[in-house]
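See structure below.
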Number of protein chains: 2
Amino acid sequence: MKDEPSYKNRKVITIGVVSELTGLTERQIRYYEERKLIFPERLARGNRKYSFSDVEKLIEIANKREEGVRTYEIRQEMIKETKKENDKKARNKMLRGQINARFGIQKD
Amino acid sequence: MKDEPSYKNRKVITIGVVSELTGLTERQIRYYEERKLIFPERLARGNRKYSFSDVEKLIEIANKREEGVRTYEIRQEMIKETKKENDKKARNKMLRGQINARFGIQKD
DNA sequence: CGTGTAAGGAATTCTGACACG
DNA sequence: CGTGTAAGGAATTCTGACACG
């Protein structure tokens, strides 16, 4: 289904660059992590690394914050999104399972 | 022709991360720049930033170096590659020009 | 030529805390 | 709650140079 694990999700960007890219202060970026909105990796001794996905997510967070949405609410929305996707995946998987059961195994 | 300027070419990776990603020392990476093999951007006060393309190019360079190819030769090959691509683009452009001349202007 | 290293300085990042509201 | 800031330390990056071969 996915062709490249690729660039978009590789955690390689330092917080300083993320700050430039998003216009957020480092303080804000670290705080959103504390509130469980983003999950940077820690490569070398403690340094945070972000992906392009993280940068995009941060921009969305910034937009919502400007509208006055609280971090807690943003988190709830994110959880809902994730759940919806997982349900979808689960449905697809089940469907494939039924197809395989009736028509035999097939590559996907 | 291209859909996204996108992730692959954005210069956002610091030299330390590039070093981890490629297995090259920072010294080597800076030297290849000196030899005009790669062209990082300088964002904040002097810090080098690389793209995923740069990382891939560096991996190719590392492979060639292992085979004993000199930086000068690698550069020559790169120039040849670039030239070939430019010629191709020029041909396409000319062709489009002729088509437009005969059949009228068309969006591309 | 290609790479290592010691040198000294400047900029980055980190954490925990106090502040305001 | 969300963000700013001063604090002190640790790690990063930079440049120019000397070294070896």
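Quantities reported herein were computed from a predicted structural model and do not represent experimental measurements. The figures that follow rest on heavy atoms only: side chains count, while hydrogens, waters and symmetry mates do not. Quick note on labels: first sequence line is chain A, next is B, and so on, each numbered from 1.
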| said: Using a 3.5 Å distance criterion without hydrogens, assess whether the side chain of Glu56(A) forms a donor-acceptor pair with backbone atoms of Ser53(A). | reply: no

In whole angstroms, the gap separating P of dT3(C) from CD1 of Ile15(B) amounts to 13 Å

* Asked: OP1 or OP2 of dG2(D) less than 4.0 angstrom from a side-chain nitrogen or oxygen of Tyr31(A), does that happen here?
  -> yes

note: Glu66(A), atom CD; dG2(D), atom P; distance rounded to Å ~ 15 Å

Distance col, row Phe52(A):CZ vs Lys8(A):NZ, nearest 0.5 angstrom, shows 10.5 Å

In this structure, CZ of Arg75(B) is separated from CZ of Arg35(B) (nearest 0.5 Å) by 9.0 Å

| field | Same apolar cluster: Ile59(A) and Ile29(A), side chain cutoff 4.5 Å | value | yes

Between Arg30(B) and the options Glu26(B), Glu34(B), Gln28(B), the side-chain hydrogen bond (donor to acceptor under 3.5 Å, both in side chains) test singles out Glu26(B)

Here the distance between atom P of dC14(D) and atom CZ of Arg30(B), to the nearest Å, is 5 Å

Rounded to whole Å, CZ of Arg48(B) lies from C1' of dT12(C) at a distance of 16 Å

task: For dT5(C), take OP1 and OP2 only and decide whether either is under 4.0 Å from a side-chain N or O of Arg27(B).
output: no

In whole angstroms, the gap separating P of dG4(D) from CD1 of Ile29(A) amounts to 11 Å

Does a side-chain N or O from Tyr32(B) land closer than 4.0 Å to OP1 or OP2 of dG2(C), or not? no

Between CD of Glu34(B) and P of dG4(C) the distance, given in whole Å, is 14 Å

Checklist entry - Side chain of Thr22(B), backbone of Leu58(B): donor and acceptor closer than 3.5 Å? => result no

Worksheet item: Do the side-chain N or O atoms of Thr14(A) get closer than 4.0 angstrom to the phosphate oxygens (OP1, OP2) of dT13(C)?
Response: yes

Closest of dT13(C), dT13(D), dG2(D) to the Asn47(A) side chain is dT13(C)

- request: Start with the C-alpha distance between Arg65(A) and Tyr32(A), add both sets of side-chain angles, then the distance that settles side chain to side chain contact (heavy atoms under 4.5 Å, CB included), and finish with yes or no.
  value: CA-CA 11 Å; Arg65(A) 282 292 303 127; Tyr32(A) 298 152; 3.7 Å; yes

Testing dT3(C), dT15(D), dT13(C) for proximity to the side chain of Arg42(B), the answer is dT15(D)

Ranking dT3(C), dC14(D), dC14(C) by distance to the side chain of Arg65(B), first place goes to dT3(C)

field: Any Thr71(B) side-chain nitrogen or oxygen under 4.0 Å from OP1 or OP2 of dG2(C)
entry: yes

For DNA chain C, the expected dot-bracket line (Watson-Crick or G-U under 3.5 Å, [ ] crossing, | inter-strand) is .||||.||.|.|.||.||||.

Whole-Å distance, Glu26(B) CD to dG16(D) P, equals 17 Å

Rounded to whole Å, NZ of Lys36(A) lies from P of dG2(D) at a distance of 14 Å

